[in-house]
Structure formats: structure tokens, C-alpha cells
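Data block below; observations after.
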Amino acid sequence: MKLRLLITALLLSAIGYSQKNIKKNYQYINPLIGTQRMGHTFPGATVPFGSVQLSPDTDSIAYELNKKYNGKVYEYCAGYQYADKTICGFSHTHFSGTGHSDLGDLLIMPTTGKLQLGPGTADNPRSGYRSAYSHANATALANYYKVKLDDHNIIAELTTSQRVGFHRYTFPKSDEAHIVLDLMAGIYNHKDKNVWTFVRVENDTMVTGYRQTQGWARTRTVYFAMAFSKPIKQYGAAKYDENNIYNGFWRKFDQTKNFPEAAGHNIKMHFDFETAENEQIQVKFALSPVSTANALANMQAEVPHWDFDRTRGDGEQLWEKELNKIQVETLTEDDKVNFYTAMYHAFINPTVYMDTDGSYKGLDQNVHVAEGFTNYTTFSLWDTYRALHPLFNIVQTKRNNHMMRSMLAHYDQSVHKALPVWSHYANENWCMIGYHSASVLADGIIKGNLAYDPEKALEACINSSNLKYYDGIEHYSKMGYVPEDKNGASVSKTLEYAYDDWCIAQIAKRLGKTDIYNEYMKRSENYKNVFDKSTGFMRPRLSDGTFKKEFDPLDTHGQGFIEGNAWNYSLYVPHDPEALIAMNGGKEQFAKHLDSLFTMTLPDKYFEHTEDITRDGIIGNYVHGNEPSHHVAYLYNWTGKPWKTQERVRMILNAMYRPKPDGLGGNDDCGQMSAWYIFSSLGFYPVAPGSDEYAIGSPLVKNAVLNLENGRTFTITARNQSAKNVYVQKMELNGRPFTGTTLKHDDIVKGGALTFYMGSKPKK
């Protein structure tokens with residue numbers, strides 16, 4: 001009897017231990033992936049699609065050097081580089097994975113000793129408030145960042161809610177403890193970036209204010225409310241404006257010390273304390289796009305308490321909820337880290353851009369209220385239309401619906417009557433090319449995820465496609481191509497406009513608008529107008545109809561392409577692969593052409609002056625580290641050689657994604673690189689968003705369960721899965737043989753099971 005009880009107790013103990021040690025999905029997130037070299041991700045704290053991205057900034061690189069662009073600043077698009085040895089402070093807004101930047105707003109830095117309000121330099125951190133640190137004393141997890149600031153002997157911890165950054169600083173004993181608020185610090189800073197800053201010390205624990213900047217977004221205002229867990233001993237302001245002969249009657253005050261308001265183009269604040277050994281001072285920092293009153297309301301609604309660990313835990317659960325939308329079993333632990341970190345990066349942007357009462361600042365700079373939807377910003381559409389928004393149409397259907405409605409609100413507020421191109425914080429920055437909102441809207445409508453006013457969506461797409469003064473459209477609409485002598489990057493623009501026109505045609509077809517459908521299907525064939533049969537490449541044409549004479553299909557500089565060369569961009573006809581193959585000599589010849597792309601050598605000289613293309617992201621001449629090629633590996637499916645797609649996809653998955661700080665082969669671009677990984681790991685990919693089909697590849701997962709918002713599940717199983725078994729031998733859908741190389745969207749969303757049988761040899 002005693003033996004039986006002992007065995008039972010041991011079994012229960014073992015079961016309890018096993019259950020206790022089962023990792024949650026959010027525990028596989030590694031925010032450091034992509035923080036080294038050109039991934040341009042940040043390691044700090046945020047919640048899914050959070051308005052606050054609270055993260056360390058590791059240098060204070062200026063955009064300008066000797067009155068010219070400082071190329072070094074490109075490394076700091078997210079404010080952080082893993083190789084740096086110092087931290088300047090912790091700012092509250094960051095882009096994830098972009099190739100240009102802004103933000104880095106409202107930096108906080110805790111310090112001890114003599115007050116210093118300048119950041120100092122990386123080689124002499126003690127010359128300012130920055131501090132040396134070691135990765136051995138830093139931790140980056142889902143919604144949590146912790147680091148020891150060596151020069152100040154302070155432990156800094158960060159977490160967030162949707163609109164509130166929560167700081168916890170553990171100080172040493174000091175009668176000179178400070179918390180610096182730098183309203184001048186930022187990312188891609190230049191001399192006149194700050195338009196105005198304003199601060200009010202409301203009482204001994206509450207500070208409010210705002211910062212207005214002109215940068216990538218030329219009119220951007222961030223309001224804040226800052227609460228301390230301990231009363232301020234004293235405080236002060238420093239103003240760094242150039243001499244102005246007029247100072248008004250404010251000159252009668254000493255505004256530098258304990259004066260309760262400060263205003264100017266460039267303001268820095270300091271708040272001083274006495275601290276006991278290991279005393280913790282906490283700071284809650286709420287943001288608002290509308291007002292300081294709303295920032296206070298956001299703080300009260302989301303974090304009315306001073307329980308840092310509770311806020312951290314709430315954020316972890318938010319991540320767990322989102323990650324549980326795809327539950328995977330993988331071959332290795334590394335694969336699972338890659339997968340869930342990819343989901344993490346995919347679910348950072350776009351970001352919620354409205355207060356808890358639904359109010360937000362619109363593109364017209366007026367205050368609006370989002371009625372019946374959540375308003376989003378940070379639309380990096382040249383990147384994210386390809387895979388991120390299609391992924392959302394499967395696993396984030398409600399959010400993507402609201403994102404599309406946010407785009408239509410942008411259209412309503414636009415004086416140009418145009419949809420977003422690349423927009424953030426109530427601004428259009430017009431970055432990159434195309435009118436790819438049309439792709440996102442078409443994909444949503446065709447897949448049944450935008451019941452809201454599709455007629456308006458069509459109108460908005462048509463208006464955007466006919467905005468004559470935007471990027472060569474006037475020439476494109478008249479001539480059927482963008483002439484290089486009238487508008488640069490002309491081939492890329494022609495190709496992307498043609499694809500977007502095809503998307504508009506799909507919306508028109510769905511709505512029964514035959515005339516519009518026919519018009520835009522004709523426009524969608526404009527890619528043919530820049531195809532040079534004599535070279536077999538897309539090539540820039542001039543306004544007289546001739547092809548540009550000086551032409552090198554390997555070069556990314558001055559050849560009519562943006563962030564790409566003719567080899568890669570000549571494969572960009574995602575909406576009509578059959579015609580592309582026919583133009584290139586048929587299936588056999590085209591397959592050989594694709595083989596050459598992956599196996600040839602691209603010397604550095606061809607991309608050394610193109611920031612967004614680096615050796616890290618190149619396989620042969622295939623540039624995975626940049627978006628225009630993301631569909632290319634799947635084109636083998638249309639040549640009758642799907643095993644080559646399977647082989648290439650698995651090669652790319654293993655070569656371009658690793659669970660290390662330098663584990664991304666290029667900018668993550670607001671989640672597009674990560675969305676490619678997620679789709680490809682599951683075994684299919686949206687080659688032409690706006691279609692209801694996905695191209696079949698080779699799954700990396702052993703098993704995946706997609707928990708859909710309609711309550712159904714779609715299960716993917718790869719039998720005989722291994723690192724060598726990359727070739728699909730056969731497939732079954734819901735237990736029945738499945739042939740072909742495309743999967744329908746309805747096959748996924750109505751629920752069911754897709755089974756891959758894998759092998760080590762191609763199934764031809």
C-alpha cells in the first residue's frame with residue numbers, strides 16, 4: 001500500500017513538473033532577432049499592434065553630416081544596433097524593420113551623479129547621460145526588456161500596455177538620482193526636426209506635454225502624460241533654441257529650475273530624487289494622438305495601478321492569445337523560435353492609432369472618432385501588401401477589416417482623394433511606389449473580409465490610380481508605361497501599377513462593373529510595354545518609345561528599378577505568370593532562367609550603393625532581403641516543376657532566417673519578411689494578393705493548427721517531415737487526394753485538414 005502511494009505521488013509529481021515546464025508560445029519569442037546588421041527590429045517592449053513601442057536606443061546618430069545625408073544613420077532605423085556597447089535611453093515609439101525612419105519620441109534616461117543633459121558619445125559614454133552596458137546583463141522577452149546601466153549602476157526594466165509605457169528603475173543609494181526626459185532625441189534626427197515642445201509639471205508626481213516634429217511625417221504631434229511613483233524632489237528645464245531676440249515677458253522668470261512649464265523648439269527636462277540602496281522608482285508614460293487630457297485618460301483606463309509585474313503579465317497573455325492563432329510542432333527548437341518570433345514581428349505593425357475613447361488625429365489634422373472600427377496607422381504598403389495583409393485575412397480577419405477601414409478613412413481625409421501609400425501618425429509620407437492599398441482592399445474583398453462599402457473601396461482605388469501628379473501616373477495612363485526620362489525607377493513603377501490595376505479589376509468584377517473591369521484588365525497588361533524581347537528583360541523605355549541604350553540587367557543603380565535589378569524585377573508579373581512564362585520562351589526555358597537566378601553570382605559592385613540590398617539577403621542573384629522577389633521561388637509551379645519551388649523554399653527558409661540577432665537577411669519591413677516565413681513554413685504562399693489562391697510550397701512545420709476567428713480550425717500535417725525530406729510526394733485535403741499547385745482561400749477558412757507526404761527525392 002505504501003509503495004503504491006509512493007508511486008502515485010511520484011507520478012503526480014512528475015506530471016506536475018512536466019506541466020509546469022511546458023513552454024508557452026510567447027516564451028519562444030526572441031525580440032533580439034533582427035537587431036544586428038540590417039534587420040532593423042527593436043528589442044524593447046510592446047503588445048500586439050501596440051501604440052507604444054518602448055525600447056532602448058543605442059546611439060544618437062544624426063541624419064545630417066556636413067549638410068549632407070549621413071549614410072550611417074541607416075543602421076539605426078529602429079534606434080538599436082546589437083553591436084553597440086552603450087544605451088542612450090529608452091524612447092516610446094519605434095518602427096519595426098523599416099528601411100527609413102522617424103519616431104524615437106520622448107526618450108527617458110535614469111542617471112546618478114552629476115546631472116548631464118547631453119547624450120555624450122559612444123566612445124566616451126561618461127561625457128553624457130548615456131551608459132555602457134553588456135548583453136550579459138540584458139534580457140529581451142515578450143513585452144519585457146531589462147538591462148543594467150553600468151555607468152549609473154541602475155537596473156532598468158520596461159513593459160507596456162496598449163498606450164502606456166511602464167518603466168521600473170532600481171537605483172543605488174544616491175542623493176543625486178535623476179530621470180532625464182529628452183524631447184530633442186529621436187531617430188533620423190536633423191537640425192530642424194523639432195517644430196515645438198511643451199511640458200507642464202502638474203504636481204510633484206505628474207507631468208504632461210507634447211512634441212511636434214517634421215520628418216518622414218512632416219506634421220506629427222505626440223502628446224504624453226508622465227507619472228512618477230515617488231514625489232519629485234526638484235526639477236528643471238533646459239532650452240537649446242538658437243538665440244531669438246524676442247523672449248516676451250517670460251524673461252522675468254528663472255525657467256530653468258522648478259518652474260512648472262517649459263516651451264520651445266528644443267527642450268530637455270530633468271527630475272531629481274534621493275534614493276536608498278535598491279530603491280525602485282517607477283514611471284508610467286501614456287501617449288495620445290489628440291491631447292494630454294486623453295493621454296491621462298489612457299493611463300487611467302489601462303494602467304491605473306503601480307503593479308509593473310501585472311502589466312507585464314497582461315502583455316504576455318495578449319501575446320499568447322495572438323500566437324495561439326497558429327499552434328505549431330516543429331522539427332527543432334530553433335524552428336519554433338523562428339516561427340513564433342516571426343509571428344511576433346508580424347503582429348507589431350500596423351499600430352493602433354486612437355485613444356481609449358476612439359478619438360484620433362486624421363490626415364487633415366483634425367480630430368476624428370472611429371465609429372465601429374479601430375483606427376490603425378503605420379502602413380508600409382510597398383512591403384506588406386505581399387504577404388502580411390494576406391496573412392491577416394486568415395488569422396487576423398477582424399483587425400485587417402479595421403485596417404482596411406482605416407485606409408478608407410485616410411482616403412476621406414485626403415486632400416488628394418488618395419489611399420495610403422506609406423502612412424503613419426496622421427501623415428502620408430509617399431515613400432516607395434505603387435498604389436498598393438488597392439491590393440490590400442482587393443484581397444480583403446475577394447476573400448470576403450471587407451463587407452463595409454466595397455463601392456467606396458473601388459472608387460478610392462480608381463481615384464488613387466488616376467492621381468496624375470503622383471509618380472509618373474499621368475504618363476502611365478496615356479502611354480501605357482512610365483518613361484524613364486520623365487520619371488525615375490520607371491520600370492518598377494510600370495510593373496507595380498499594372499499589378500495594382502489587375503487588383504482594381506478584381507474588385508470591379510466582384511461588383512459587376514464590367515466596363516471598369518475591362519478597362520483595368522487592359523491596364524494590367526502594361527507590363528508588356530517594358531519587356532525587351534531582344535534581351536529577355538524588362539527595360540526602361542523613353543518618352544519617344546525607344547528603350548534606354550545604357551542598360552545592365554545586373555545593376556541596381558540607375559537602370560529603371562527601385563531597390564532591385566532587371567533580373568529580379570523582370571519576374572514581377574504576379575497576376576499573370578502564364579503570360580510571363582510565354583514571353584520568356586516557355587516553361588523549360590523559364591525554369592532554366594529561374595535556376596540561373598539562384599545559382600549565378602552577383603558581385604558587390606552592382607548593389608553597393610543600394611542601402612536596402614546587402615550581401616546578407618542574397619542567394620545567387622535572388623534578393624530575398626528585399627521584397628520584390630518574395631514570390632519568385634513559387635513561380636516554378638507554373639513551369640510544371642513544383643519540386644523546384646519546394647527545394648528553393650526550404651533552402652530560403654534555412655538560409656535567411658536564424659534564431660540569432662543577425663538572423664534576418666534584410667529589413668523585416670513591418671512584418672513582411674516574417675509573414676513570408678510564416679506562410680512558407682505552413683506550405684503555401686499568396687503569389688498574387690487579390691486572388692483567392694495560394695501557391696503550394698514545402699512546409700517546414702511538422703504540424704500546424706490554424707485557429708480561425710470564425711471558430712473553425714485548419715490543420716496542416718507534414719508526414720515523414722525531416723531536414724532532407726523537402727519534396728512533396730502527395731497531398732490530401734480533408735482525407736481526399738489533392739492535386740495541383742494552388743490552394744483556395746475557402747479551403748482554409750471553412751476548416752479542414754491538409755496533409756503533405758514528404759520525401760527526399762523530387763516527385764516529378
Side-chain angles (χ1 to χ4, degrees), residues 21-36 39 41 97 140-142 319-320 322-348 387-388 391 394-395 616-617 619 624-625 630 633-634 645-666 668 671-685 694 696-707 714-729 731 753-760:
N21 285 272
I22 294 174
K23 289 175 73 170
K24 298 284 190 180
N25 289 335
Y26 75 82
Q27 292 174 310
Y28 288 98
I29 293 171
N30 180 359
L32 288 172
I33 293 176
T35 60
Q36 189 170 3
T41 59
L141 302 170
W319 279 115
E320 188 68 8
E322 300 304 325
L323 299 187
N324 280 339
K325 292 184 175 182
I326 308 179
Q327 296 173 305
V328 296
E329 181 185 353
T330 57
L331 287 169
T332 68
E333 189 90 347
D334 282 355
D335 288 341
K336 190 170 276 193
V337 171
N338 280 335
F339 191 90
Y340 282 118
T341 303
M343 284 189 73
Y344 170 77
H345 284 144
F347 293 171
I348 289 176
L388 185 72
L391 177 66
I394 298 174
V395 296
D616 310 49
I619 300 173
H624 188 75
H630 275 192
Y634 289 89
T645 282
Q646 296 155 23
E647 181 180 279
R648 299 299 187 200
V649 165
R650 288 288 283 270
M651 174 186 68
I652 296 165
L653 283 166
N654 290 322
M656 293 287 114
Y657 300 86
R658 302 179 307 279
K660 299 178 180 178
D662 64 350
L664 291 177
D668 196 58
Q672 167 58 26
M673 283 275 285
S674 291
W676 190 96
Y677 182 90
I678 295 163
F679 266 122
S680 296
S681 294
L682 296 175
F684 52 93
Y685 185 79
Y694 303 90
I696 296 294
S698 173
L700 181 64
V701 300
K702 293 173 66 177
N703 183 269
V705 178
L706 279 60
N707 296 304
F714 185 71
T715 300
I716 298 158
T717 303
R719 300 199 183 280
N720 307 318
Q721 179 68 285
S722 74
K724 293 182 178 180
N725 291 352
V726 304
Y727 300 104
V728 178
Q729 307 299 298
M731 297 169 61
L754 179 65
T755 304
F756 294 86
Y757 291 83
M758 309 302 294
S760 61

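Sequential numbering from 1 along the given sequence is applied to the chain's residues. The figures here come from the full heavy-atom set of this structure, side chains too, leaving out hydrogens, waters and symmetry mates.
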- Message: For a 4.5 angstrom cut-off between non-hydrogen side-chain atoms, does Val726 reach Met651?
- Response: no
- Query: What residues, two or more places apart in sequence or in another chain, satisfy side-chain hydrogen bond (donor to acceptor under 3.5 Å, both in side chains) together with Lys325?
  - Reply: Glu322, Gln396, Glu709
- Side-chain H-bond candidate by donor/acceptor type, Tyr657 with Thr341, under 3.5 Å: no
- Message: Counting C-beta onward and ignoring hydrogens, is there a side-chain heavy-atom pair between Tyr28 and Asp335 closer than 4.5 Å?
- Response: no
- For Leu388 against Gln672, the heavy-atom pair lying closest together: N-OE1, 3.4 Å
- Query: Tell me, do Phe756 and Gln721 make a side-chain contact under 4.5 Å, heavy atoms counted?
  - Reply: no
- Task: Give a yes-or-no answer on whether the side chains of Asn324 and Asn707 include a donor-acceptor pair shorter than 3.5 Å.
- Result: no
- Message: In terms of relative ring orientation, are Tyr344 and Trp319 parallel, tilted or perpendicular, with 30° and 60° separating the classes?
- Response: tilted
- State which residue, out of Ile678, Val701, Ile716, Asn25, fulfils the side-chain contact (heavy atoms from CB on, under 4.5 Å) condition with Ile326. Ile678
- salt bridge (Lys or Arg N to Asp or Glu O under 4.0 Å) partners for Lys336, two or more places apart: none
- Message: Using side-chain heavy atoms (C-beta onward) and a distance below 4.5 Å, is Val328 in contact with Tyr340?
- Response: yes
- Message: In terms of relative ring orientation, are Tyr634 and Trp676 parallel, tilted or perpendicular, with 30° and 60° separating the classes?
- Response: perpendicular
- Query: Can you find a pair of side-chain heavy atoms, one from Phe714 and one from Ile394, that are under 4.5 Å apart?
  - Reply: no
- Heavy-atom nearest pair, Pro31 first then Ala140, reads CD-O, 3.3 Å
- Query: What pair of heavy atoms forms the shortest contact from Arg650 to Asn725, and how long is it?
  - Reply: NH1-O, 3.7 Å
- Query: Between Thr41 and Leu664, is any pair of side-chain heavy atoms under 4.5 Å apart?
  - Reply: yes
- Work out which heavy atom in Pro659 is nearest to a heavy atom in Asp334; give both atom names and the distance. CG-CG, 3.6 Å
- Query: Residues two or more places apart in sequence or in another chain: which of them pass side-chain contact (heavy atoms from CB on, under 4.5 Å) with Leu141?
  - Reply: Thr139, Tyr144, Arg312
